[in-house]
Amino acid sequence: GVWRQTRALLFKNCLIKCRTKKSSVQEILFPLFFLFWLILMSMMHPHRKYDEVANTNLGTLDTSILVNFVIGYTPPTPMAREIMKKVAFDNFEDGIITEEYLSEEELQEASAFKPSNFVGVVFSDAMSYQLRFPDSVAMSSIYMESR
């Protein structure tokens, strides 16, 4: 029955492996070679851990650069509206222009029309968000290797 067929299949596979030694060795050595290669590459490029930056006084904010600055956000939930109202009016005398968008696609389209003075905020939930900057924003060269 089943045991006889299983035993015959195992015997057949053993005969094939013995007759094709080159491919059998390759089946074993190639994964080991790639594993060694991955370990070697990870050792050559270790992850860098950056230390904490101490609290320092950055001085006063030059609000002249924030003239006509637009912050777009999505989704327009009551919590997001409250957060953006605090951002716009509590920290700056003149206020920053905030615009709400129904979807992230609308936010991206708006950023294409206003690339120089537009920043997008996408709220994942009440406690987390992601910032969307235009491509013209200069990136810091400090953390370039880990980016």
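The figures that follow rest on heavy atoms only: side chains count, while hydrogens, waters and symmetry mates do not. Numbers here simply count residues along the sequence, with the first being 1. Quick caveat, the model's predicted, so the values are computed rather than measured.
- Taken to the nearest 0.5 Å, the CD1 atom of Ile16 stands 7.0 Å off from the OG1 atom of Thr20.
- Residues forming a salt bridge (Lys or Arg N to Asp or Glu O under 4.0 Å) with Glu104 (at least two apart in sequence, or on another chain): Arg132.
- Atom-to-atom distance recorded for Gln108:CD and Tyr101:OH is 12.0 Å, nearest 0.5 angstrom.
- In the hydrophobic cluster analysis, where Ile, Leu, Val, Met, Phe, Trp and Tyr join through side-chain heavy atoms closer than 4.5 angstrom, Leu35 is grouped together with Met43.
- The shortest distance between side-chain heavy atoms of Met84 and Ile71 falls below 4.5 Å.
- Applying the side chain to side chain contact (heavy atoms under 4.5 Å, CB included) criterion to Pro75, with sequence neighbours excluded, gives Thr77, Phe123.
- Counting heavy atoms from C-beta on, the side chains of Leu131 and Tyr129 come closer than 4.5 Å.
- Atom OG1 of Thr6 and atom CH2 of Trp3 lie 7.0 Å apart (nearest 0.5 Å).
- The line from NZ of Lys21 to CD of Gln26 is 14.5 Å long, rounded to the nearest 0.5 Å.
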For a side-chain contact (heavy atoms from CB on, under 4.5 Å) check, start with the C-alpha distance between Thr98 and Lys85, then their side-chain angles and the critical distance, and finish with the verdict. CA-CA 8 Å; Thr98 58; Lys85 186 189 294 184; over 6 Å; no

Start with the C-alpha distance between Val25 and Phe30, add both sets of side-chain angles, then the distance that settles side-chain contact (heavy atoms from CB on, under 4.5 Å), and finish with yes or no. CA-CA 8 Å; Val25 169; Phe30 276 154; over 6 Å; no

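- The CG atom of Leu29 sits 11.5 Å away from the CZ atom of Phe34 when rounded to the nearest 0.5 Å.
- When the salt bridge (Lys or Arg N to Asp or Glu O under 4.0 Å) test is applied to Glu27, the partners found at least two apart in sequence or on another chain are Lys17.
- You'll find the side chain of Val122 stays beyond 4.5 Å of the side chain of Tyr73, heavy atoms only.
- The minimum heavy-atom distance between Leu102 and Pro76, with the atom names listed, is CD2-CG, 3.9 Å.
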